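A short worksheet on the structure shown next.
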Amino acid sequence: MRLHESFGLTSGIKVHTLEDGRRVVASPRFGLEFGGLSAGARAALQQLEIGGTEHELLDTAEPHDGPTASLLLDHLLQSLARNDFLYRTLLLEDAPLATLLPSTAPGHSEPRRPEAKYVLSRLACVRREDHQLVVEVPASHARVLLRDTRAAALLPELSCPRSLAELTERAATLPIKAVDLLLGMLLDAKAVHVPEEEDPALALWEPEDLLFHGHSRLGRLPSPYGATYRFEHRMEPLPALKPRMTEAVVPLPRPDLKRLSQEDAPFTQVLERRRSLRTYGEPPISLEQLGELLYRAARTRRVLSTEHGELGERPYPGGGALYELELYLVVDRCEGLESGLYQYRSGQHELCKLTPRTQQVEQLLEGAWHTLAREGRPQVLLVITARFPRVFWKYQAMGYALILKNVGVLFQTLYLAATAMDLAPCALGGGDSELFARASGIPPLAEGAVGEFALGTRAKEDGT
């Protein structure tokens, strides 16, 4: 069987020639300038734009550089590899088996030891992308594209430690050299390792945490990132304000902010007094207090129209001014308001009653009580949801991370407003998104719960 490797420039990489003959290799994020390249290296760089084997690249460079072509080509490929500009594909009878993206330079892959046993990393993620499987560990800069079922069949065999000979025996349709090179690609991507040589720095990471961290930050993975507006020509963005869900409207009182600015304690005092309080006083929180808190912390001040849809303005900062977060009130006890589940409409500063005190509403309150270590039952539980398309329509890779940051900002704003009002606030560490979806009837992948905040009046022993 004919087995060989092909090299090329990673997706999105462009080669530009300046007037003085210098070559600039540019990615969407930065450029790498090559000054003084030999004629053979320039020819090889041009060949890499369409791809070629090491032998083909050398054949391209040798007529120009003669005996030094091999050395100069190796220097070029190493420079490209160090900057993640090079990919490598393993071909069997000209059919691609796998691609390492980005790749090491030829001859610089992780060495395989015949006596060693290798196993798939517990942090490895395997997913489909187009018509191939992608294997990646976010602790690595590289990923492997498995482009043939014979290559993909190697993964189940790596579920327990196996030597190169054992893998070759089990992968009967591939020659030993192909298994060796495939194993090398997986090693370069840190998708496999020798069990006793696992990086101790990774021991504390869960696979989902590392995957989320790696994909939502720049610098490690080559996927598109940030405000790409990838759905701009496929669907319309959601409006800034969510429509009313029912006709059972409860108008909320609007506080006099000018009066409050004169009566509130100084900011430093509010900041120093802020505490998470889990016990509550009597009487329960009132509709007027709820209205004041929501107006201070979460109302929509205005909506702006732009070429990319509507943006908002609220008392707390929000990434991209998208303000995807919504508030729902799970009411246990509130003077002037019946128990049940309510939608808060931030633009109109009103509540819409969704359900009375159903079994699911009871379970939401019960879950919050347990999360509060059963110290106190929240008088009102605020469930924070995110209208995911508001963010994902614009942002790629870091969208969900942005949502969680916005939740933290809203938490702090609610804390400070509630402290200034002498209420008992407490952000919860987690909640049941599926239970909220059943209680509200809202599809959880279109708009799901991403945070919970317990609220009530201060118990006397907590009053200061």
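Hydrogens, waters and symmetry mates play no part in the numbers below; they use all other heavy atoms, side chains included. Quantities reported herein were computed from a predicted structural model and do not represent experimental measurements.
- Q46 CD to R42 CZ: the interatomic distance, rounded to the nearest 0.5 Å, is 10.5 Å.
- Here the closest heavy-atom approach between residue L133 and residue A152 is recorded as CD1-CB, 3.9 Å.
- Here the CZ-OG distance, from F7 to S103, works out to 6.0 Å after rounding to the nearest 0.5 Å.
- Between the side chain of D130 and the backbone N or O of Q132, no donor-acceptor pair lies under 3.5 Å.
- Looking only at distances, no side-chain donor or acceptor of Q360 sits under 3.5 Å from a matching main-chain atom of L364.
- Taking the side chain as every heavy atom from C-beta outward, L123 and P138 never approach each other to under 4.5 Å.
- Open room surrounds CD on E169; 12 or fewer heavy atoms of other groups in view lie less than 6.0 Å from it.
- Between the side chain of D65 and the main chain of G40, a donor-acceptor pair closer than 3.5 Å is present.
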For residues 106-113, please give each side-chain donor-acceptor pair under 3.5 Å, one per line with the distance, not counting sequence neighbours.
| residue | atom | partner | partner atom | Å |
| --- | --- | --- | --- | --- |
| H108 | ND1 | P106 | O | 2.9 |
| S109 | OG | R88 | NH2 | 2.7 |
| S109 | OG | T104 | OG1 | 3.2 |
| S109 | OG | D188 | OD2 | 2.9 |
| R112 | NE | D180 | O | 3.0 |
| R112 | NE | D180 | OD1 | 3.0 |
| R112 | NH1 | E110 | O | 2.9 |
| R112 | NH2 | D180 | OD2 | 3.1 |
| R113 | NH2 | E197 | OE2 | 2.9 |

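- Atom NE2 of H55 has 12 or fewer heavy atoms from other residues, nucleotides or ligands within 6.0 Å.
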(request) Could you walk me through whether Q412 and L271 pass the side chain to side chain contact (heavy atoms under 4.5 Å, CB included) test, one step at a time? (result) CA-CA 10 Å; Q412 177 72 334; L271 198 59; 4.0 Å; yes
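- Taking CG of L100 as the start and OH of Y87 as the end, the distance is 12.0 Å to the nearest 0.5 Å.
- The structure places CG of L410 at 4.5 Å from CD1 of I384, a figure rounded to the nearest 0.5 Å.
- The shortest non-hydrogen separation linking C352 to V249 is SG-CG2, 4.1 Å.
- Of the possible donor and acceptor atoms, one in the side chain of S159 sits under 3.5 Å from a partner among the backbone N and O of P156.
- In terms of the side-chain hydrogen bond (donor to acceptor under 3.5 Å, both in side chains) criterion, residue partners of Q396 (sequence neighbours excluded) are, by chain and number, T228.
- In this structure, T99 contributes its side chain and L145 its backbone to no donor-acceptor pair below 3.5 Å.
- Close placement of the H349 and Y344 rings is indicated, their centers lying within 6.0 Å of each other.
- Taking E310 as the reference, nothing meets the side-chain hydrogen bond (donor to acceptor under 3.5 Å, both in side chains) condition, with sequence neighbours excluded.
- Within 6.0 Å of CZ on R301 lie more than 12 heavy atoms contributed by other residues, nucleotides or ligands.
- Separation of atoms OG1 (T89) and CG (L91) is listed at 6.0 Å; rounding is to 0.5 Å.
- Between T385 and I442 there is no side-chain heavy-atom pair separated by less than 4.5 Å.
- Sorted by first and then second residue, the pairs that involve residues 317-330 and meet side-chain hydrogen bond (donor to acceptor under 3.5 Å, both in side chains), not counting sequence neighbours, are K242-Y328, E324-N406, E326-R387, Y328-E447.
- At a threshold of 4.5 Å between non-hydrogen side-chain atoms, the residues L76 and D74 do not count as touching.
- L327 places none of its side-chain heavy atoms less than 4.5 Å from the side chain of F453.
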(message) Before you tell me yes or no, could you show the steps for L80 and L9 under side chain to side chain contact (heavy atoms under 4.5 Å, CB included), namely the whole-Å CA-CA distance, both residues' side-chain angles and the distance that decides it to 0.1 Å?
(response) CA-CA 8 Å; L80 292 169; L9 298 179; 4.0 Å; yes
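- Residues H215 and E136 bring a donor and an acceptor atom of their side chains to less than 3.5 Å of each other.
- Side-chain atoms of R314 never come within 3.5 Å of backbone atoms of R302 as a donor-acceptor pair (strictly under, hydrogens ignored).
- Summarising the geometry of V407 relative to G451, their closest heavy-atom pair is CG1-CA, 4.4 Å, with the distance given to 0.1 Å.
- Looking at every heavy atom in both residues, A124 comes nearest to A191 through CB-O, 4.2 Å.
- For residues 187-207, the pairs satisfying ring-ring contact (aromatic ring centres under 6.0 Å, His included) are W205-H213, with sequence neighbours left out.
- The backbone N or O of T53 sits less than 3.5 Å from a side-chain atom of E56, completing a donor-acceptor pair.
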In a table with atom names and distances, give each donor-acceptor pair under 3.5 Å that connects a side chain of residues 229-237 to protein atoms at least two apart or in another chain.
| residue | atom | partner | partner atom | Å |
| --- | --- | --- | --- | --- |
| R230 | NH1 | F392 | O | 3.1 |
| R230 | NH1 | Y395 | O | 2.9 |
| E232 | OE2 | H308 | NE2 | 3.2 |

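- Applying the ring-ring contact (aromatic ring centres under 6.0 Å, His included) test to pairs two or more places apart or on separate chains, none has a residue in residues 151-177.
- Other residues, nucleotides and ligands contribute only 12 or fewer heavy atoms inside 6.0 Å of the CZ atom of R128.
- A donor-acceptor contact shorter than 3.5 Å links the side chain of R390 to the backbone of L322.
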(message) Walk me through whether R143 and V135 qualify under side chain to side chain contact (heavy atoms under 4.5 Å, CB included).
(response) CA-CA 6 Å; R143 53 185 176 160; V135 185; over 6 Å; no
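- For Q47 (side chain) and L57 (main-chain N/O), no donor-acceptor pair under 3.5 Å exists by modelled atom type.
- By the side-chain hydrogen bond (donor to acceptor under 3.5 Å, both in side chains) test, R299 is found to be paired with no residue, residues two or more places apart in sequence or in another chain being considered.
- From R374, atom CZ reaches atom CH2 of W369 across 5.5 Å, with rounding to the nearest 0.5 Å.
- Taking the side-chain hydrogen bond (donor to acceptor under 3.5 Å, both in side chains) definition, one finds that R170 meets it with E157, sequence neighbours left out.
- Under the salt bridge (Lys or Arg N to Asp or Glu O under 4.0 Å) criterion, no residue pair touches residues 201-211, with sequence neighbours excluded.
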(message) Let's go through R244 and R345 carefully: what are the C-alpha distance in whole Å and the side-chain angles of both, what is the deciding distance for side chain to side chain contact (heavy atoms under 4.5 Å, CB included) to 0.1 Å, and is it a yes or a no?
(response) CA-CA 7 Å; R244 179 185 297 166; R345 299 192 72 210; 3.4 Å; yes
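- Under 3.5 Å, the side chains of Y415 and S276 contain a donor-acceptor pair of N or O atoms.
- Applying the side-chain hydrogen bond (donor to acceptor under 3.5 Å, both in side chains) definition to pairs two or more places apart or across chains, none involves residues 426-437.
- Summarising the geometry of A105 relative to A81, their closest heavy-atom pair is N-CB, 3.6 Å, with the distance given to 0.1 Å.
- Taking both residues in full, the closest heavy atoms of V119 and L158 are given as CG2-O, 3.3 Å, listed atom of the first, atom of the second, then distance.
- Not counting sequence neighbours, K394 has no partner by the salt bridge (charged side-chain N to carboxylate O under 4.0 Å, His left out) test.
- Contact annotation: the side chain of L167 approaches that of V179 to within less than 4.5 Å [non-hydrogen atoms, C-beta and beyond].
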